[in-house]
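If you're wondering where the values come from, they're calculated on a predicted model, not measured in any experiment.
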Amino acid sequence: MNRDSQNSMVPTEGSDKYTGQRTGEEPGAQDRLYWLELLNRIARPVLTALAERRLKLDMPIESHGGEREHYAYLEAFGRLMAGIAPWLGSDGGIEVEKLLRLELRKLYEEAMDAATDPNSPDCLNFADGYQPIVDTAFLCQGVLRAPQALWDPLSERVKSNVIAAWKVTRSRKPHYNNWLLFSAMIEAALYYVGEADWDPMRIDYALKQHEQWYVGDGVYGDGPAYHADYYNSFVIQPMLLDVLRLLGDLYPDWNTMMPSAIRRAQRYAAQQERMISPEGTIPPIGRSLAYRCGVLQTLAQIAWLDELPAPLVPSQVRCAMTAVMRRMMDAPGTYTPDGWLTVGFCGHQPGIGETYISTGSLYLCSTALMPLALSPAHSFWQGETEWTSKKAWSGEPFAIDYALHD
């Protein structure tokens with residue numbers, strides 16, 4: 001796959017408008033190729049520019065807030081890695097997939113060096129302002145989702161620079177909301193790489209405070225108040241799961257949190273699947289809608305972890321998510337002529353960008369791609385199954401929905 005082939009698998013004449021599948025082609029294989037193409041299209045501009053130490057020169061900054069260029073570059077890199085890490089850490093697939101994975105792994109290694117080398121023109125901002133706490137955490141989350149691919153191959157020099165960059169974020173206090181999990185994620189990464197001064201208190205506080213903020217039926221408040229938005233998917237549920245999966249066994253009280261955390265995430269994932277309309281749309285509710293299909297991160301993560309709750313089956317989740325991706329990511333105006341993401345929910349809609357949104361923020365959309373780490377032989381990529389709302393609105397039988405009672 002190269003830049004010239006990025007648009008080769010969009011819907012064509014004779015294909016279904018929302019699935020892009022064509023007569024005679026196996027639906028799961030067709031969808032996987034589309035997901036791979038989407039990953040390549042999203043990731044290549046960021047990784048290539050940063051690996052060549054040209055990110056600050058090449059990446060445009062679209063925003064309505066002040067001085068977002070101080071943060072946008074780390075936003076793009078950290079959020080992208082949180083999404084594509086599981087696939088980079090996987091193996092297998094057809095030859096073009098294997099070659100793409102090897103190519104992007106190499107670009108990542110060069111990009112991580114460029115991002116943390118103090119002498120690099122693209123050394124990213126980990127030290128100034130509060131925003132770097134957020135995107136350092138997303139970068140750490142990516143590393144922890146595939147450490148054998150994203151940490152182990154780095155040279156000792158680069159590892160030392162990375163650790164120093166992660167640690168410098170400790171000089172600022174996170175906000176009293178989902179930001180507590182950003183500090184927790186950074187400390188979890190420091191623990192993983194063997195730093196003796198990792199701080200379990202920052203993790204303990206984030207975990208126990210979110211337990212206090214749980215409002216029921218698979219949903220957490222974002223701080224003391226409930227917010228009708230997608231932050232349970234953008235941040236809260238995925239980071240709770242990743243921290244507990246890695247460190248849950250270190251303390252008995254952390255270990256006891258994992259079963260309820262996975263049940264709640266499963267419930268939230270089931271809700272997300274039901275929110276996908278027959279046409280592949282999702283409700284434009286709450287803030288940060290410019291993260292596009294990143295709103296489905298929890299559903300994607302539960303699918304990747306092979307923890308989908310009954311009655312969901314993997315193929316129906318794939319079909320539903322693919323329909324959303326095609327509606328969102330193939331909309332005219334989603335990319336600049338040079339391939340960078342633009343601000344919008346479906347196409348270019350700059351008016352929905354809050355003051356903290358910039359070009360770099362948008363790369364959280366990559367988190368929907370985590371199930372690409374599943375083998376092509378996995379049931380996620382096999383067959384074609386209608387999703388819940390498609391069954392419901394066509395008059396077919398569909399499963400009753402039940403609340404989660406902890």
Side-chain angles (χ1 to χ4, degrees), residues 71 74-86 130-145 166 169 172-189 202-203 205-215 218-247 257 261-262 264-269 271-272 282 285-302 304-305 354 356-358 360-370:
Y71 313 119
L74 179 58
E75 285 183 302
F77 183 46
R79 296 172 188 223
L80 175 68
M81 297 318 302
I84 70 172
Y130 286 86
Q131 184 64 40
I133 301 172
V134 177
D135 299 297
T136 301
F138 281 124
L139 181 58
C140 289
Q141 188 174 30
V143 170
L144 295 180
R145 283 173 168 172
W166 289 352
T169 63
R172 280 136 290 159
K173 179 177 71 69
H175 303 309
Y176 189 59
N177 54 20
N178 70 83
W179 279 47
L180 296 181
L181 288 165
F182 298 137
S183 291
M185 183 61 66
I186 295 167
E187 295 304 317
R202 297 182 193 225
I203 298 173
Y205 181 45
L207 294 177
K208 290 180 178 174
Q209 195 58 67
H210 278 81
E211 186 65 27
Q212 293 297 312
W213 291 336
Y214 181 66
V215 298
V219 178
Y220 294 85
D222 188 0
Y226 166 72
H227 293 181
D229 58 27
Y230 290 106
Y231 270 79
N232 267 260
S233 197
F234 292 143
V235 177
I236 297 170
Q237 308 254 19
M239 287 202 173
L240 282 172
L241 285 185
D242 284 342
V243 169
L244 286 170
R245 286 193 310 119
L246 180 69
L247 279 73
M257 294 181 181
I262 190 69
R264 293 166 183 175
Q266 288 173 319
R267 172 59 182 156
Y268 190 78
Q271 293 171 357
Q272 290 204 302
I282 54 178
I285 295 171
R287 63 193 182 97
S288 302
L289 291 176
Y291 300 162
R292 291 188 171 90
C293 53
V295 302
L296 299 176
Q297 181 178 186
T298 299
L299 179 58
Q301 184 182 35
I302 291 299
W304 165 49
L305 296 176
E354 293 89 350
Y356 56 84
I357 294 293
S358 74
S361 316
L362 314 177
Y363 287 85
L364 198 64
C365 68
S366 67
T367 56
L369 297 169
M370 284 189 285

Inset, instruction - Compute whether any side-chain donor of one residue and acceptor of the other, for Ser361 and Tyr71, lie under 3.5 angstrom apart. - result: no

Inset, instruction - Decide whether Asp222 and Asn178 meet the rule of one side-chain donor and one side-chain acceptor closer than 3.5 Å. - result: yes

Legend entry - Steps toward side chain to side chain contact (heavy atoms under 4.5 Å, CB included) verdict (Leu144, Asp242): CA-CA 8 Å; Leu144 295 180; Asp242 284 342; 6.0 Å; no

Inset, instruction - Look only at the side chain of Gln272 and the backbone of Leu299, and say whether a donor-acceptor pair between them is shorter than 3.5 Å. - result: yes

Inset, instruction - Please lay out, stage by stage, how Gln237 and Tyr220 fare under the test side chain to side chain contact (heavy atoms under 4.5 Å, CB included). - result: CA-CA 8 Å; Gln237 308 254 19; Tyr220 294 85; 3.6 Å; yes

Which heavy atom of [X] sits nearest a heavy atom of [Y], and at what distance?
| X | Y | answer |
| --- | --- | --- |
| Pro238 | Asn232 | CD-O, 3.4 Å |
| Ala184 | Ala206 | CB-CB, 3.8 Å |
| Leu247 | Ala188 | CD1-CB, 3.7 Å |
| Val215 | Gly221 | CG1-N, 3.9 Å |
| Leu240 | Leu181 | CD2-CD2, 3.7 Å |
| Ser183 | Pro174 | OG-CG, 3.3 Å |

Inset, instruction - Look at the rings of Phe234 and Tyr231 and say which category their plane angle falls in: under 30° parallel, 30 to 60° tilted, over 60° perpendicular. - result: perpendicular

Inset, instruction - Name the orientation class of the two ring planes belonging to Tyr205 and Tyr176 (parallel below 30°, tilted from 30 to 60°, perpendicular beyond 60°). - result: parallel

Inset, instruction - Show your working on side chain to side chain contact (heavy atoms under 4.5 Å, CB included) between Arg145 and Met370 and close with a plain yes or no. - result: CA-CA 10 Å; Arg145 283 173 168 172; Met370 284 189 285; 3.3 Å; yes

Legend entry - Phe138 ring center within less than 6.0 Å of Phe182 ring center: yes

Inset, instruction - Please test Asp135 against Arg79 for side chain to side chain contact (heavy atoms under 4.5 Å, CB included), starting from the C-alpha separation and ending with a verdict. - result: CA-CA 7 Å; Asp135 299 297; Arg79 296 172 188 223; 2.6 Å; yes

Inset, instruction - Write out all pairs satisfying salt bridge (Lys or Arg N to Asp or Glu O under 4.0 Å) with one or both partners inside residues 174-184, taking only residues at least two apart or from two chains. - result: none

